[in-house]
Each structure stands twice: as C-alpha cells, then as structure tokens.
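Below, each value reflects all heavy atoms present in this structure, side chains not excepted, and no hydrogens, waters or symmetry copies.
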Amino acid sequence: MTDATSDRLAGATDRTRLDRLRAGLKRRHAKEARFKWYGRLAIAAAVLFLAILLVRIVEQGHTAFYSHTVTVPVYMDPARVDRAYPQGSNFEQLAAEQQLARWGVQDDAAGRASAEMRGLFSSELKFVAADLVAKRPDVIGETVPLAAPLSDDADLYLKGEISKSTPEDQRRLTDRQIAWLERMQAEGVVGAHFNTALFTNGDSTQPELAGVLGAVVGSALMLMVTALIAIPLGVGAAVWLEEFAPKNRLTDIIEVNINNLAAVPSIVYGLLGLALFINWMHLPRASPLVGGLVLALMALPTLVIATRSSLKAVPPSIREAALAMGASRTQTVFSHVLPLAMPGVMTGAIISMAHALGETAPLLLIGMVSFVPGVPHAIDQPVGALPSLIYIWENASERAFHERTAAAIIVLLVFMIIMNAAAIILRRRFERRW
C-alpha cells in the first residue's frame with residue numbers, strides 16, 4: 001500500500017515536472033517566434049520608410065532631368081546688333097518684339113507685352129545669340145533660328161507644377177503669358193529634352209541654367225584630399241596601436257579618446273577647421289583643401305576603429321607561424337597580417353569616405369554655403385560641394401530650385417551607392433586573392 005502510494009506520488013511528480021518543462025519550452029519557443037517577428041517588423045518598417053523617402057525624392061526631382069527649349073527665328077537687325085561688341089545687344093528684346101510681330105500682337109508704349117514675352121525666354125538666349133554673332137558676323141542682316149531654354153516659370157508650367165486654375169495674382173505667369181506659351185507649344189517651337197545642363201553647368205542664379213558639375217568636382221577634390229590624408233594616417237595609427245604599441249596607461253588613454261572622437265558631432269570639427277585652418281593657418285576659405293582637411297579629421301577615428309577591428313579578426317596563428325619561421329615583427333605585420341586584413345581596411349576606408357561625402361555642417365562653417373559659379377580647377381580655389389549645394393538650393397526663393405534640390409540629392413545618393421559598391425567589389429577581390 002505504501003509502495004503503491006509512493007509510486008503514484010512519484011509518477012505525479014514526474015508528470016508535473018514534465019508539464020512544467022513543456023510549458024517552459026513552449027514559452028521559450030513563443031518568445032523566439034515573437035523576437036523573429038519583431039525583427040521582421042523592424043526591417044519592414046525600415047524598408048518602408050526608406051521606400052517612402054526614395055519615392056518622395058524621385059517624385060519631386062525627376063522633372064529636373066528634362067527641360068524645355070524654345071526655337072525662334074530672329075532677324076539680326078544691323079541697326080540693333082553691335083558687330084564689335086555683340087554681348088551688349090539686347091537679343092531678348094529683339095526676339096520678343098519679332099515674335100509678337102509675327103502673331104500680330106501690338107505692344108503698348110510701356111512695352112508690357114514685349115516684357116511679358118521676354119519673361120518666357122531664359123537669359124541664355126542673349127548668350128547664344130552673342131556667341132553666334134561673335135563666331136559668324138555675317139549673320140547680321142539675316143534671319144537665324146535661336147534655340148534657348150525657357151524661363152524657369154514657363155518650364156514649370158509645362159511640367160505641370162504651375163496650374164492655370166491658380167488665380168493670376170498668386171502665380172508668376174500671367175494669363176497672357178500662358179496663352180502665348182501654349183500657342184508656341186502648339187506651333188512646335190517648344191520641345192522637351194534631357195536636361196544636360198544639370199550635369200554640365202555649375203551653379204547659377206537662374207534655375208534653368210543651374211547644374212551640379214561644380215559641386216561634383218568640388219566634392220571629388222575634397223574626397224581626394226581627405227583620402228590622401230586620412231587613409232595613410234588612420235591605417236598607420238591603427239597598425240601601431242594594434243600591433244606595436246605597448247599596453248600601458250598611455251595607449252589606453254589614446255584608445256579611449258579615439259572612441260570618443262568618433263562620437264563627436266560633425267559641427268565641432270567644422271568649428272575646429274574654422275579656428276585652425278582658416279583663422280590660424282590662413283588657408284583659403286571654402287576651398288577643397290580646407291574641406292578635405294576638416295573631413296579627414298572627422299574620418300580618422302572611424303577609420304582607425306575599422307582598421308583595428310580588421311586586424312583583430314586575423315587569427316593569432318598567422319602571427320605565430322610567421323614569427324616561428326623567423327620573420328621579424330614588421331615583416332609579420334606588413335607581409336602577412338595587413339594583407340589578410342586589407343578587405344576590412346578597404347571597406348572601412350571607403351565607407352568612411354562615403355560618410356564624409358554626405359556631411360554638411362562642417363562645410364557650412366568653413367564658408368561653403370556661399371554662391372560659387374563655375375567649375376573649380378585647383379584645391380585652393382573657392383568651391384561648392386553637393387551637400388552645401390543641396391542646402392543652398394533648398395533655401396532658394398525660386399520654386400524651380402526645389403526640384404533641382406531633389407535631383408542633386410539623387411546625384412549624391414548615386415555617388416554614395418557607387419562608393420559603397422566599390423567597397424564591396426574591392427573586398428571580394430582581396431578575399432579571393434588572399
């Protein structure tokens with residue numbers, strides 16, 4: 001009786017334990033399943049927000065990649081075109097008056113009609129005509145077709161950014177200008193084409209003539225200076241700290257400060273560059289040289305940390321085998337350890353350069369927020385950069401600059417994607433090699 005009761009109690013206890021184990025296992029599986037769903041939801045949210053951002057940028061900026069030009073016949077009146085100095089001739093007024101005359105529109109004494117017609121043409125028209133007369137003076141006295149971009153407001157109307165239903169006092173195009181623009185479009189003298197000026201021109205005060213070439217060249221020059229300074233110093237410092245430096249209080253302080261510098265806001269580096277390179281060393285303001293130096297200081301901590309992580313990932317057996325074969329410490333590091341760590345080093349270097357490419361705050365403090373037309377040809381010339389150009393265009397009053405802001409963001413994103421793709425390709429090539 002007592003043995004049977006004991007057996008029943010033991011069996012009940014075992015079943016209770018088994019039920020507890022099963023319940024605990026079920027809870028753990030449920031937690032694991034919830035954790036997986038949390039991760040999936042986090043990734044889905046990140047992808048969703050990224051997709052919304054990209055769609056918004058492309059939606060706003062795709063219209064900047066095409067523009068409209070107008071081709072009008074212009075009689076080069078010898079009485080109004082200066083053969084010796086064609087740049088001083090008012091070709092815009094000449095083209096506007098002749099276009100109105102062809103339509104039989106009478107201008108008033110104040111010239112309001114010709115002024116409105118002239119407002120449909122870009123200022124590029126006078127430069128096109130002046131260059132033609134300078135190269136071919138024999139066109140004076142003849143009627144020649146002149147092709148030039150439409151003004152920014154006329155271009156926005158044809159892109160659907162300005163609505164005719166908007167009250168006339170709330171838009172920059174009058175009803176008469178819209179009617180003339182639609183008439184020219186119906187006559188086939190207005191056409192749309194790929195906006196090559198966006199990639200071949202520098203910055204301009206006229207939105208229809210503004211381009212990103214100057215900013216792209218400025219960013220490339222800054223990155224060249226940054227890479228030439230940051231990569232050798234960063235890799236050298238990381239190799240010394242990881243492979244040669246004695247483990248003492250001084251190296252501990254250096255490591256802590258490097259980690260702290262990686263978390264310093266970028267605007268602090270801009271203040272440092274303003275005080276050190278411009279105010280004290282008197283280097284040229286807003287130049288790729290100063291910008292590259294500031295970005296190099298900002299990229300150094302990240303580069304040192306990434307290089308040290310790559311060196312730590314090399315198995316200790318590589319070092320031990322090289323030393324056992326009689327190699328010196330220097331030969332071991334530079335002939336065996338560093339080549340194996342090179343994929344990670346290159347990846348860290350290119351990613352840090354891509355991060356530096358997108359920085360805006362340091363560049364604003366060293367003067368790269370100013371208007372700089374043209375394309376730079378040296379590292380000591382004033383220049384713009386893609387991040388600062390985006391900032392300038394977004395704060396411009398002209399509405400046409402806003403679509404170019406989104407287009408410049410697309411160019412910057414493509415630039416960064418190319419750099420990250422280069423990092424992946426270089427990493428794979430080094431991995432196959434070693």
Side-chain angles (χ1 to χ4, degrees), residues 57-72 90-96 99 112-130 146-185 189-215 371-374 384 386 388-411:
I57 292 174
V58 172
E59 180 186 6
Q60 184 179 354
H62 76 280
T63 55
F65 292 96
Y66 70 94
S67 61
H68 294 85
T69 58
V70 58
T71 303
V72 291
N90 194 347
F91 292 103
E92 293 171 276
Q93 182 69 21
L94 194 64
Q99 184 67 25
R112 294 187 182 91
S114 59
E116 290 185 14
M117 176 61 71
R118 194 170 64 247
L120 298 177
F121 303 146
S122 170
S123 60
E124 182 71 6
L125 178 65
K126 62 183 178 183
F127 297 108
V128 172
L146 295 179
L150 286 175
S151 66
D152 56 331
D153 294 317
D155 187 55
L156 287 177
Y157 174 76
L158 294 180
K159 291 176 179 178
E161 299 294 331
I162 297 178
S163 176
K164 188 189 296 186
S165 60
T166 304
E168 186 176 10
D169 59 347
Q170 297 180 16
R171 47 180 160 84
R172 297 176 61 179
L173 287 178
T174 64
D175 291 338
R176 186 162 62 170
Q177 283 180 308
I178 291 177
W180 289 343
L181 189 60
E182 292 176 345
R183 182 173 179 179
M184 287 191 291
Q185 189 178 25
V189 298
V190 174
H193 62 89
F194 181 73
N195 188 10
T196 57
L198 183 65
F199 301 96
T200 58
N201 290 357
D203 196 7
S204 173
T205 56
Q206 304 295 324
E208 69 274 11
L209 303 178
V212 299
L213 180 60
F371 170 72
V372 181
L386 278 173
S388 58
L389 182 69
I390 292 170
Y391 176 82
I392 294 171
W393 282 359
E394 181 60 28
N395 288 280
S397 58
E398 289 85 353
R399 186 176 176 181
F401 273 122
H402 296 168
E403 65 172 5
R404 280 163 173 74
T405 301
I409 293 174
I410 295 174
V411 173

Reported [atom1]-to-[atom2] distance for the pair [X] and [Y], which is rounded to 0.5 angstrom:
X: Y157; Y: Q185; atom1: OH; atom2: CD; answer: 8.0 Å
X: I178; Y: T166; atom1: CD1; atom2: OG1; answer: 8.5 Å
X: Q206; Y: S151; atom1: CD; atom2: OG; answer: 9.5 Å
X: L158; Y: D153; atom1: CG; atom2: CG; answer: 11.0 Å
X: T196; Y: F65; atom1: OG1; atom2: CZ; answer: 13.0 Å
X: D169; Y: T174; atom1: CG; atom2: OG1; answer: 12.0 Å

If every non-hydrogen atom of [X] is compared with every non-hydrogen atom of [Y], which pair is closest and at what distance?
X: L386; Y: V411; value: CD1-CG1, 4.4 Å
X: P207; Y: D152; value: CG-OD2, 3.5 Å
X: Q60; Y: H402; value: NE2-O, 3.3 Å
X: L146; Y: A129; value: CD1-CB, 3.7 Å
X: R404; Y: A210; value: NE-O, 3.9 Å
X: V72; Y: A95; value: CG2-CB, 4.4 Å

Would you kindly check if the NZ (Lys) or CZ (Arg) of K126 is within the cone defined by 45 degrees around the ring axis of F121 and under 6.0 Å from the six-membered ring centre? no
Step-by-step side-chain contact (heavy atoms from CB on, under 4.5 Å) determination, W180 to L173: CA-CA 11 Å; W180 289 343; L173 287 178; over 6 Å; no
Taking the side chain as C-beta and beyond, is there a heavy-atom pair between Q177 and R172 under 4.5 Å?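 A side-chain contact under 4.5 Å is absent here.
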So do the side chains of L150 and L181 get within less than 4.5 Å of each other, counting heavy atoms only? yes
Check whether any side-chain N or O of [X] sits under 3.5 Å from a backbone N or O of [Y] as a donor-acceptor pair, and report yes or no.
X: R399; Y: E161; result: yes
X: S204; Y: L209; result: no
X: E168; Y: D175; result: yes
X: N195; Y: A64; result: yes

What residues, two or more places apart in sequence or in another chain, satisfy side chain to side chain contact (heavy atoms under 4.5 Å, CB included) together with A147? T71
Checking A396 now: which residues fulfil side chain to side chain contact (heavy atoms under 4.5 Å, CB included) with it, not counting sequence neighbours? E398, F401
Give the ring-plane orientation class for Y66 versus H68, where under 30° counts as parallel, over 60° as perpendicular and anything between as tilted. perpendicular
Chi angles and distances behind the side-chain contact (heavy atoms from CB on, under 4.5 Å) call for L389, D203: CA-CA 8 Å; L389 182 69; D203 196 7; 3.7 Å; yes
Yes or no on side-chain contact (heavy atoms from CB on, under 4.5 Å) for D155 and E208, after CA distance, side-chain angles and deciding distance? CA-CA 8 Å; D155 187 55; E208 69 274 11; 5.8 Å; no
More than 12 heavy atoms from other groups under 6.0 Å of CZ on R112: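 No, CZ of R112 has 12 or fewer neighbouring heavy atoms, counting only those of other groups under 6.0 Å.
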Any side-chain donor paired with an acceptor under 3.5 Å for Q93 and S114? yes
Just by distance, no angles: are the side chains of E92 and S123 close enough, under 3.5 Å, to form a donor-acceptor pair?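 No donor-acceptor contact under 3.5 Å links the two side chains.
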Test side-chain contact (heavy atoms from CB on, under 4.5 Å) on N201 and L213; report intermediate values, then the result. CA-CA 6 Å; N201 290 357; L213 180 60; over 6 Å; no
Sidechain N-carboxylate O distance under 4.0 Å for E182, K164: yes
